Participant: 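Sharing a structure with you now.
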Amino acid sequence: MTETRLRFPPSPTGYLHIGGARTALYNWLYAKKTGGKLILRIEDTDAERSTQESIQGILDGMKWLGIDWDEGPYFQTEFESEHEAMANKLLAEGKAYKCFCTKEELDIKREAAQKNKTTYGYDGTCRDLDASVVAEKEAAGLPFVIRFKVPAIDGEIGYDDKVLGRIKAQYSEIEDFVIVRSTGKPLYLLCNVVDDIRDRITHIIRGSDHMTNTIRQVLLYNALDAPVPVFAHMPLTLDTKKAKISKRKHGEIVAVQFYQEKGFIPWALSNFLVLLGWSPGNDTEFFSKEELIDTFSLERINKTNSIFNYQKGNAKFFTDPKAISFNEHYLRTMPIEEIAAMVKPFLEAEGLWDSSYDGDKKEWYTSTIDLIRDRFQMLSDFGDRGRAYFSDEFTVEQKPLKKNVLKHEGLKEWLPMLADRYEALEEFNLESAEQTARDLATELEIKPGVIINGMRTVVTGQLAGPSMFDILMAIGRERVVTRLRGVAKLYEIAV
RNA sequence: GUCCCCAUCGUCUAGUCAGGUCCAGGACACUGGGUUUUCAUCCCAGCAACGCCGGUUCGAAUCCGACUGGGGACGCCA
């Protein structure tokens with residue numbers, strides 16, 4: 001049994017998007033499952049659109065997602081001479097020919113065909129040009145492209161797709177496609193095949209938008225006397241209007257980097273993405289990497305396109321709700337040490353990180369993260385809604401301010417009173433803090449909730465949060481006392 | 001327009017290949033309830049789909065055929 005070899009060949013014309021990430025993921029999963037290799041190949045032959053920045057973005061995106069590769073990155077441009085050599089080989093063997101038709105001529109024919117409502121395929125003007133004519137035109141310096149000579153046979157050619165089944169097409173319906181530009185640069189269809197042959201690729205998993213390319217590439221494999229790899233065309237990811245998702249059209253919402261910045265847990269995104277077009281056949285939705293590698297199979301890839309349920313302008317869900325729920329699930333259930341480590345960069349970005357969180361305050365840091373993680377959905381929430389736990393500079397939100405503080409004029413005195421009692425407490429712990437607050441409420445003949453919720457807002461700036469007395473312990477007596485005494489200024493700002 | 005592919009809740013999907021166990025299961029979302037002196041987590045319940053028509057069959061989500069709908073490809077892009 002030969003080793004399985006897969007590849008992920010992005011073109012560096014923009015950041016890594018979730019569709020590409022999903023493709024990479026499937027290839028990676030299958031390589032891991034079969035004990036094979038994943039090759040990363042940057043297809044940068046489109047010099048005009050390729051950028052160094054994109055290359056870095058793709059590499060970073062893959063690393064963040066945890067998709068590692070075994071070989072590469074290779075750069076397609078490094079193999080240009082090989083591509084040219086193969087084109088010349090096809091030419092020499094009579095499997096390809098030079099075509100002198102100009103772009104303008106072809107455009108005219110194409111337009112004419114459209115007027116007559118017929119399809120235009122290359123009409124073969126130069127297909128059987130006499131060698132002397134070719135030599136003459138070349139001598140005259142006429143530019144030419146190289147076209148592949150599709151065998152003039154009746155019948156059909158096809159391949160067995162692991163997802164879609166047998167795919168076939170009539171030879172007569174395939175036009176003689178261009179494999180080398182008039183500039184002498186080989187085109188994708190050829191380069192891709194030549195590279196895959198050289199890299200000994202055994203399985204090609206890619207989007208079903210490549211289906212028609214595959215037919216032509218099978219022709220190329222045959223002409224080059226190379227074995228045809230196994231193809232698996234995965235369904236496309238569409239937007240809610242059923243259009244293919246693209247960087248141009250959808251912008252950052254489809255960029256992997258966006259999810260990184262938003263505070264997604266990489267594996268949560270991967271897990272979600274994998275399930276867009278594949279399922280294990282049972283009700284399992286959450287997988288560890290190992291479990292997923294173990295369960296993944298080409299045969300269970302769906303045929304139906306799936307919709308990435310992102311609703312523009314939805315205030316509650318900034319992206320697909322299910323993706324968010326996956327992130328929440330992992331945020332709540334992953335080992336707290338892992339979460340704590342992932343939160344670090346987000347606190348750093350907000351200037352809230354303290355080196356002691358990695359040292360003697362590590363236990364405090366970890367338990368605080370643990371205390372508040374249930375209510376958050378993104379890693380970024382810790383440095384945002386969770387700010388009050390790490391800094392004295394936090395904003396008090398308007399809604400809770402009105403509801404929990406301003407509504408009760410008395411809190412202006414009550415909270416400082418509570419602060420005094422907390423300060424005087426011999427021992428400031430869960431029980432004593434609660435008892436003190438409740439005693440005060442009883443004395444003042446008010447509901448404990450008034451004190452508690454007022455305190456919550458003053459101490460954390462938030463409407464809701466964990467159990468109040470747990471919060472007190474996390475924030476610490478000193479800070480609590482100061483914040484409670486500062487209640488008066490909240491009435492001032494509000495007016 | 002031509003060729004190709006696809007078709008189950010709003011969304012992701014199980015079930016289709018080997019027809020009965022499916023008046024269709026799970027998840028997200030949504031609604032209601034329980035827990036919580038907050039909010040969330042968590043738990044329980046509810047809502048919600050086999051595109052249409054015909055055929056085969058004792059029996060069809062499942063097989064066959066049309067129709068309809070959706071998508072993709074038709075570049076000297078990748």
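Letters A, B, ... mirror the listed sequences (proteins, then strands); counts begin at 1. Predicted model only: the values in this text are computed from it and were never measured.
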Participant: Which nucleotide wins on minimum distance to the side chain of A/Thr304, given the candidates B/C3, B/C28, B/A7?
Facilitator: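 My answer, after comparing the listed nucleotides, is B/A7.
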
Participant: By the 4.0 Å heavy-atom rule, please label A/Pro448 as base, sugar-phosphate, or nothing.
Facilitator: base

Participant: Quick check for you: among B/A78, B/C12, B/G70, whose closest atom lies nearest to any side-chain atom of A/Lys242?
Facilitator: B/G70

Participant: Just how far, in rounded Å, is C1' of B/C28 from CG of A/Leu273?
Facilitator: 16 Å

Participant: Between B/A73, B/G26, B/U11, which one does the side chain of A/Asp320 approach most closely?
Facilitator: B/U11

Participant: From the set B/C5, B/C77, B/U41, return the single nucleotide nearest to any side-chain atom of A/Arg49.
Facilitator: B/C77

Participant: Does OP1 or OP2 of B/C77 have a side-chain N or O of A/Lys185 closer than 4.0 Å?
Facilitator: no

Participant: So, OP1 or OP2 of B/A40: does either fall under 4.0 Å of a side-chain N or O from A/Arg332?
Facilitator: no

Participant: Would you compute the distance between atom CG of A/Asp160 and atom CD1 of A/Ile167 and round it to the nearest 0.5 angstrom?
Facilitator: 9.0 Å

Participant: Among the nucleotides B/U38, B/C6, B/G71, which one has an atom lying closest to any side-chain atom of A/Asn305?
Facilitator: B/G71

Participant: Remember a base hit wins even if backbone is also touched, and classify A/Pro466 as base, sugar-phosphate or nothing at under 4.0 Å, heavy atoms.
Facilitator: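 Since a base atom lies under 4.0 Å of A/Pro466, the category is base.
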
Participant: Does A/Lys89, at its NZ atom, have more than 12 non-hydrogen atoms belonging to other residues, nucleotides or ligands within less than 6.0 Å?
Facilitator: yes

Participant: Give the rounded distance in Å between these two atoms: CG of A/Asp239 and P of B/C12.
Facilitator: 12 Å

Participant: Expressed in whole Å, how much space separates the C1' atoms belonging to B/C4 and B/C9?
Facilitator: 29 Å

Participant: Taking the six-membered ring of A/Tyr122, is the NZ or CZ of A/Arg147 close enough (under 6.0 Å from the centre) and on axis enough (within 45°)?
Facilitator: yes

Participant: Assign A/Thr284 to base, sugar-phosphate, or nothing according to its heavy-atom contacts below 4.0 angstrom with the strands shown.
Facilitator: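 The answer is nothing, as A/Thr284 stays clear of every strand by at least 4.0 Å.
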
Participant: Can you measure A/Ile204 atom CD1 to B/A78 atom P for me and round it to whole angstrom units?
Facilitator: 16 Å

Participant: Does B/G1 have a Watson-Crick or wobble partner in any strand here, with both distances under 3.5 angstrom, and which is it?
Facilitator: B/C74

Participant: When the C1' atoms of B/U21 and B/G33 are considered, how many whole Å apart are they?
Facilitator: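 Between the two C1' atoms, the distance is 33 Å.
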
Participant: Could you tell me whether the side chains of A/Arg206 and A/Thr214 share a donor-acceptor contact shorter than 3.5 Å?
Facilitator: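 Side chains of A/Arg206 and A/Thr214: pair found under 3.5 Å.
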
Participant: Among B/U41, B/U37, B/U11, which nucleotide sits nearest the side chain of A/Asn309?
Facilitator: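 Closest nucleotide to the A/Asn309 side chain: B/U11.
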
Participant: Could you tell me the Watson-Crick or G-U partner of B/C67, where both distances fall under 3.5 Å? Say none if there is no partner.
Facilitator: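 B/C67 is paired with B/G51.
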
Participant: Of the options B/G25, B/C5, B/C76, whose atoms approach the side-chain atoms of A/Asp283 most closely?
Facilitator: B/G25

Participant: Nearest-Å distance, CG (A/Asn327) to C1' (B/A29)?
Facilitator: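 Taking CG of A/Asn327 and C1' of B/A29, I get 17 Å after rounding.
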
Participant: Find the distance A/Ile179:CD1 to B/G75:C1' and express it as a whole number of Å.
Facilitator: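 It works out to 15 Å between those atoms.
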
Participant: For A/Gly281, report the nucleic acid contact type (base, sugar-phosphate, nothing); a contact means any heavy atom under 4.0 Å.
Facilitator: sugar-phosphate

Participant: Name the nucleic acid region contacted by A/Val145, choosing base, sugar-phosphate or nothing; use a 4.0 angstrom heavy-atom cut-off, strictly under.
Facilitator: base

Participant: Side-chain N or O of A/Lys403 less than 4.0 angstrom from OP1 or OP2 on B/U38?
Facilitator: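 Negative; the distance criterion is not met.
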
Participant: For atom P, what is the distance between B/G51 and B/G70, given to the nearest Å?
Facilitator: 15 Å

Participant: Without decimals, in angstroms, what is the distance between A/His210 NE2 and B/G75 P?
Facilitator: 16 Å

Participant: Using only heavy-atom distances, determine whether the side chains of A/Asn271 and A/Tyr330 contain a donor-acceptor pair under 3.5 Å.
Facilitator: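 There is such a pair between these side chains.
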
Participant: When all nucleic acid strands are considered with a 4.0 Å heavy-atom cut-off, which category describes A/Ser306: base, sugar-phosphate, or nothing?
Facilitator: sugar-phosphate

Participant: Could you check which of B/C30, B/A14, B/C12 has an atom nearest any side-chain atom of A/Arg300?
Facilitator: B/A14

Participant: Has A/Ser279 got a side-chain N or O lying under 4.0 Å from the OP1 or OP2 atom of B/A14?
Facilitator: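 True: A/Ser279 side-chain N/O within range (under 4.0 Å) of B/A14 OP1/OP2.
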
Participant: Write down the distance separating the P atoms in B/A45 and B/A18, rounded off to the nearest Å.
Facilitator: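 B/A45 and B/A18 have their P atoms separated by 37 Å.
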
Participant: Could you state the atom-to-atom distance from CD of A/Gln311 to C1' of B/C12 in whole Å?
Facilitator: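 After rounding, the gap between these two atoms is 14 Å.
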
Participant: Below 30° counts as parallel, above 60° as perpendicular, anything between as tilted: where do the rings of A/Phe318 and A/Phe264 land?
Facilitator: perpendicular

Participant: Would the base of B/U41 count as contacting A/Arg375 through its side chain, where contact means a donor and an acceptor less than 3.5 Å apart?
Facilitator: no

Participant: For a quick test of reading the model: is some side-chain N or O of A/Asn302 closer than 4.0 Å to OP1 or OP2 of B/U13?
Facilitator: yes

Participant: Would you say the side chain of A/Lys103 and the base of B/C76 hold a donor-acceptor pair, judged only by whether the two atoms sit under 3.5 Å apart?
Facilitator: no

Participant: With a non-hydrogen cut-off below 4.0 angstrom, is A/Gly207 in contact with a base, only sugar-phosphate, or nothing?
Facilitator: nothing

Participant: Would you call the rings of A/Phe79 and A/His83 parallel, tilted or perpendicular if under 30° counts as parallel and over 60° as perpendicular?
Facilitator: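 Judged by the thresholds at 30° and 60°, the geometry between A/Phe79 and A/His83 is tilted.
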
Participant: Regarding B/U37, can its base be found pairing with the side chain of A/Arg438 as donor and acceptor, where the two atoms are less than 3.5 Å apart?
Facilitator: yes

Participant: Is the NZ or CZ atom of A/Lys322 positioned over A/Phe272's six-membered ring, under 6.0 angstrom from the centre and within 45° of the axis?
Facilitator: no

Participant: What interatomic distance, in whole Å, is found between P of B/A14 and the corresponding atom of B/G54?
Facilitator: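 One P to the other, the span is 29 Å.
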
Participant: On RNA chain B, nearest-nucleotide positions of A/Ala323 versus A/Leu276: which is more 5'?
Facilitator: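 Here A/Leu276 is the residue nearer the 5' end.
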
Participant: Counting any heavy atom closer than 4.0 Å, what does A/Leu236 reach on the DNA or RNA strands: base, sugar-phosphate only, or nothing?
Facilitator: sugar-phosphate

Participant: How far, in whole Å, is B/U16 from B/C6 if one measures between their C1' atoms?
Facilitator: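 So the two C1' atoms sit 14 Å from each other.
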
Participant: What does B/A60 pair with, Watson-Crick or G-U, if both distances are under 3.5 Å?
Facilitator: none

Participant: Classify the nucleic acid contact of A/Cys101 as base, sugar-phosphate or nothing, counting any heavy atom under 4.0 Å across all strands shown.
Facilitator: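 Base contact - A/Cys101 has a heavy atom under 4.0 Å of at least one base atom.
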
Participant: Relative to each other, are the rings of A/Tyr259 and A/Phe308 parallel, tilted or perpendicular (30° and 60° limits)?
Facilitator: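 Answer is perpendicular, since the angle exceeds 60°.
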
Participant: Taking the side chain of A/Ala464 as its heavy atoms from C-beta onward, which of B/C76, B/U38, B/A78 lies nearest to it?
Facilitator: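 So the side chain of A/Ala464 is nearest to B/U38.
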
Participant: Considering only the P atoms, how many Å lie between B/C52 and B/A60, rounded to the nearest integer?
Facilitator: 15 Å

Participant: For A/Pro235 and A/Ser11, take the nucleotide of RNA chain B holding the closest heavy atom to each; which residue's nucleotide lies nearer the 5' end?
Facilitator: A/Pro235

Participant: What's A/Phe177 touching, base or sugar-phosphate or nothing? Going by heavy atoms closer than 4.0 Å.
Facilitator: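 Since no nucleic acid heavy atom lies under 4.0 Å of A/Phe177, the category is nothing.
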
Participant: Does the side-chain contact (heavy atoms from CB on, under 4.5 Å) test come out yes or no for A/Ile205 and A/Thr23, once each step is laid out?
Facilitator: CA-CA 7 Å; A/Ile205 306 172; A/Thr23 305; 5.5 Å; no

Participant: Give the rounded distance in Å between these two atoms: CD1 of A/Ile307 and P of B/G10.
Facilitator: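 Taking atom P of B/G10 as the reference, CD1 of A/Ile307 is at 11 Å.
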
Participant: Expressed in whole Å, how much space separates the C1' atoms belonging to B/G55 and B/G10?
Facilitator: 33 Å

Participant: With a 3.5 Å cut-off and heavy atoms only, can you find an N or O donor on one side and an acceptor on the other between the side chain of A/Thr212 and the base of B/C74?
Facilitator: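 Donor-acceptor pair under 3.5 Å: no.
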
Participant: Please determine whether a side-chain nitrogen or oxygen atom of A/Arg216 lies at a distance below 4.0 Å from atom OP1 or OP2 of B/G75.
Facilitator: no

Participant: Choose from B/U13, B/U37, B/C77 the nucleotide whose nearest atom is closest to any side-chain atom of A/Ile452.
Facilitator: B/U37

